[in-house]
Amino acid sequence: MVIAEKVAAGQTAAVGLCYRLVDGSVQLVASRGLDAEASAAS
(Lines give C-alpha, C1' and ligand atoms only; values in the text may rest on other atoms or scores of the structure.)
Protein backbone atom coordinates (compact mmCIF):
# COMPACT_ATOMS: atom_id res chain seq x y z
CA MET A 1 0.00 0.00 0.00
CA VAL A 2 1.12 3.54 -0.66
CA ILE A 3 0.93 6.16 2.09
CA ALA A 4 -2.27 7.75 0.74
CA GLU A 5 -4.04 4.38 0.86
CA LYS A 6 -2.90 3.75 4.45
CA VAL A 7 -4.10 7.21 5.51
CA ALA A 8 -7.46 6.62 3.83
CA ALA A 9 -7.74 3.25 5.58
CA GLY A 10 -7.00 4.84 8.97
CA GLN A 11 -3.75 2.90 9.38
CA THR A 12 -1.37 5.87 9.49
CA ALA A 13 -1.19 9.65 9.46
CA ALA A 14 0.98 12.20 7.69
CA VAL A 15 1.98 15.51 9.25
CA GLY A 16 3.91 18.62 8.30
CA LEU A 17 5.75 20.44 11.07
CA CYS A 18 7.55 23.76 11.29
CA TYR A 19 10.56 23.69 13.61
CA ARG A 20 12.05 26.80 15.18
CA LEU A 21 15.51 25.70 16.28
CA VAL A 22 16.39 28.91 18.10
CA ASP A 23 13.81 28.24 20.85
CA GLY A 24 13.02 24.55 20.26
CA SER A 25 9.38 25.10 19.33
CA VAL A 26 7.36 23.03 16.86
CA GLN A 27 4.14 24.00 15.07
CA LEU A 28 1.79 21.62 13.28
CA VAL A 29 1.15 23.13 9.83
CA ALA A 30 -0.66 20.29 8.03
CA SER A 31 -2.06 16.87 8.80
CA ARG A 32 -4.03 14.08 7.16
CA GLY A 33 -5.51 11.17 9.09
CA LEU A 34 -4.75 12.75 12.48
CA ASP A 35 -7.01 14.29 15.12
CA ALA A 36 -4.87 17.42 15.52
CA GLU A 37 -6.69 18.71 18.61
CA ALA A 38 -6.18 15.46 20.55
CA SER A 39 -2.55 15.23 19.47
CA ALA A 40 -1.77 18.83 20.40
CA ALA A 41 -3.07 18.20 23.92
CA SER A 42 -0.74 15.26 24.55
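Computed over heavy atoms, backbone and side chain alike; hydrogens, waters and symmetry mates excluded. In this text the structure is predicted, and so the values were computed from the model without any measurement.
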Inter- and intrachain pairs under salt bridge (Lys or Arg N to Asp or Glu O under 4.0 Å), touching residues 7-19, at least two apart: none
task: Please list, chain by chain and in numerical order, all residues satisfying side-chain contact (heavy atoms from CB on, under 4.5 Å) with Leu21, sequence neighbours excluded.
output: none
statement: Closest non-hydrogen contact found for Gly33 with Ala13 is O-CB, 3.4 Å
Cluster companions of Val22 among Ile, Leu, Val, Met, Phe, Trp, Tyr (side-chain spacing under 4.5 Å): none
statement: Output for pair (Ser31 OG, Leu17 CG), nearest 0.5 Å, gives 9.5 Å
- request: Any pair with a residue in residues 22-32 that passes salt bridge (Lys or Arg N to Asp or Glu O under 4.0 Å), sequence neighbours left out, goes on the list, sorted by first then second residue, please.
  value: Arg20-Asp23
query: What is the minimum heavy-atom distance between Ala14 and Val7, and which atoms define it?
result: N-CG2, 4.3 Å
- prompt: Any link between Val26 and Leu28 through a network of hydrophobic side chains (Ile, Leu, Val, Met, Phe, Trp, Tyr) touching at under 4.5 Å?
  reply: yes
- prompt: Please, which pairs that meet side-chain hydrogen bond (donor to acceptor under 3.5 Å, both in side chains) have at least one residue in residues 4-19, sequence neighbours excluded?
  reply: none
